[in-house]
Number of protein chains: 2
Amino acid sequence: MRHGITHFKDLLGGEGYSWTRARSAVLTVLTTVPRPLRAEEIHRALRDPRINLSSVYRALRLFESLNVVHRVELGEGAARYELADDYRDHHHHLVCDACGRIEDVAACPVEAAGLTRHIRKRTGFAVRSHVLELFGLCRPCRRDAR
Amino acid sequence: MRHGITHFKDLLGGEGYSWTRARSAVLTVLTTVPRPLRAEEIHRALRDPRINLSSVYRALRLFESLNVVHRVELGEGAARYELADDYRDHHHHLVCDACGRIEDVAACPVEAAGLTRHIRKRTGFAVRSHVLELFGLCRPCRRDAR
DNA sequence: TCGATTTTGCAAATTATTTGCAATATTCGC
DNA sequence: GCGAATATTGCAAATAATTTGCAAAATCGA
């Protein structure tokens, strides 16, 4: 787990990429807001009219390829993005079907159950990563439903 | 776990929906092919020029709302669809990063670990459903990689 | 600082999916 | 089985998220 915006600058530099206004701004937002954001939301959060939405998309794509950012798909039509596991503890999401709020959970049953090993033994498939999203009702919405 | 195309006919009828060529054909494909298919693939599999792709989308949307079909998103751009848990044993997918092949796994660490209860106790969030997809290399591709 | 290279803004293209509407199919009562 | 009432479909056009071409602007390395 590495910290600081300057780390990303070095990382990009090391890979031959420039440290630009758009890239730096997108990373600032992602390191600041602790939940997965849509490209559109990130763009709005930049509050910099000089930066175009396309550049946000381009930055996100680059960061994804460098394993700095992780794409989260919750079936909403638009994808969300958050810092990858290397820069944030591994976690999953609790998505409220009623209000849409997204909470994190640290518990990971894939690791806990040793599922990866089980699958490799049984099927020969080598699991490298997984996506786990949990849907239901958050506490406030559960209360309202009564 | 109910079987047979006629069951679906009764189900649709019971909900006030018609049993149409498009709906019947889409369900036939989904009950026949044991892996999640894209709308486009389902449409091609119908081999019926009288049925329009829009009708496939409309049928899928209806089936989703009736819990007959389940949407699967693997980050490919297009969604995939398969029979819902009520008509097929609960399972997850092993998606090969190299060749794209999709295998099923019956093992479910969310159920096994009692994660739902754990989360409810800890956070008050009531989990109703979950999405778990596993990515990596299938056995053939793992061999080729060597 | 300067030129070479990379990146960006902007507008237009792309792709999956949805929708309006007139035409067609299905259903239901007789 | 028949025909009216209703639901669904085909088709073409609309959407919405994301990508891309290209000339202009920013960044980098010497």
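Protein chains get the first letters and strands the later ones, always in sequence-line order, with residue 1 at the start of each.
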[X] has an atom [atom1]; how far is it from atom [atom2] of [N], in whole Å?
X	N	atom1	atom2	value
Glu73(A)	dT18(D)	CD	C1'	12 Å
Glu15(B)	dT27(C)	CD	P	15 Å
Leu74(A)	dA17(D)	CG	C1'	15 Å
Glu76(A)	dT18(D)	CD	P	10 Å

Rounded distance [0.5 Å steps], [atom1] in [X] versus [atom2] in [Y]:
X	Y	atom1	atom2	answer
Phe135(B)	Leu74(B)	CZ	CG	5.5 Å
Arg120(A)	Phe125(A)	CZ	CZ	10.5 Å
Arg50(B)	Arg21(B)	CZ	CZ	3.5 Å

Q) Which dot-bracket string describes DNA chain D (Watson-Crick N1-N3 plus N6-O4 or O6-N4, or G-U N1-O2 and O6-N3, all under 3.5 Å; [ ] crossing; | other strand)? A) ||||||||||||||||||||||||||||||

Within [range], which residues have any heavy atom lying less than 4.0 Å from an atom of DNA chain C?
range	answer
residues 50-69 of chain B	Ser54(B), Tyr57(B), Arg58(B), Arg61(B)
residues 34-42 of chain A	none
residues 21-30 of chain A	Ala22(A), Arg23(A)

(Q) Would you call the rings of His90(A) and His130(A) parallel, tilted or perpendicular, taking 30° and 60° as the class edges? (A) perpendicular

**Q.** Ala79(A), nearest nucleotide to its side chain (from dA7(D), dT18(D), dC28(D))
**A.** dT18(D)

Side-chain donor-acceptor pairs of residues 22-37 of chain B under 3.5 Å, sequence neighbours excluded:
{"unit_1": "Arg23(B)", "atom_1": "NH1", "unit_2": "Ser18(B)", "atom_2": "O", "d": "3.0"}
{"unit_1": "Thr28(B)", "atom_1": "OG1", "unit_2": "Ser24(B)", "atom_2": "O", "d": "2.9"}
{"unit_1": "Thr31(B)", "atom_1": "OG1", "unit_2": "Leu27(B)", "atom_2": "O", "d": "3.0"}
{"unit_1": "Thr31(B)", "atom_1": "OG1", "unit_2": "Thr28(B)", "atom_2": "O", "d": "3.0"}
{"unit_1": "Thr32(B)", "atom_1": "OG1", "unit_2": "Thr28(B)", "atom_2": "O", "d": "2.5"}

Q | Under-4.0 Å salt bridge between Arg101(B) and Glu103(B) | A | yes

Q) Minimum heavy-atom separation for His93(B) to Val105(B), with atom names? A) N-CG2, 4.2 Å

Q: Please tell me if the side chains of Val56(B) and Leu46(B) come closer than 4.5 Å, counting only heavy atoms from C-beta onward.
A: yes

**Q.** Within one Ile-Leu-Val-Met-Phe-Trp-Tyr cluster: Leu94(B) and Val110(A), side-chain cutoff 4.5 Å
**A.** yes

**Q.** Polar side-chain atom of His92(B) near backbone of Leu132(B) as donor-acceptor pair, under 3.5 Å
**A.** yes

Q) Is a side-chain N or O of Arg142(A) found less than 3.5 angstrom from the main chain of Gly124(B), in a donor-acceptor match? A) yes

Q: Would you check if the distance from the ring center of Tyr87(A) to the ring center of Phe8(A) is below 6.0 Å?
A: yes

Q) Taking for each residue the nucleotide of DNA chain C bearing the nearest heavy atom, is the 5' side occupied by Tyr81(B) or by Lys9(B)? A) Tyr81(B)

Q.
Both Tyr17(B) and Pro49(B) contact DNA chain D. Which one's nearest nucleotide lies toward the 5' end?
A. Tyr17(B)

Q. Listed by chain and number, what are the ring-ring contact (aromatic ring centres under 6.0 Å, His included) partners of His118(A), not counting sequence neighbours?
A. none

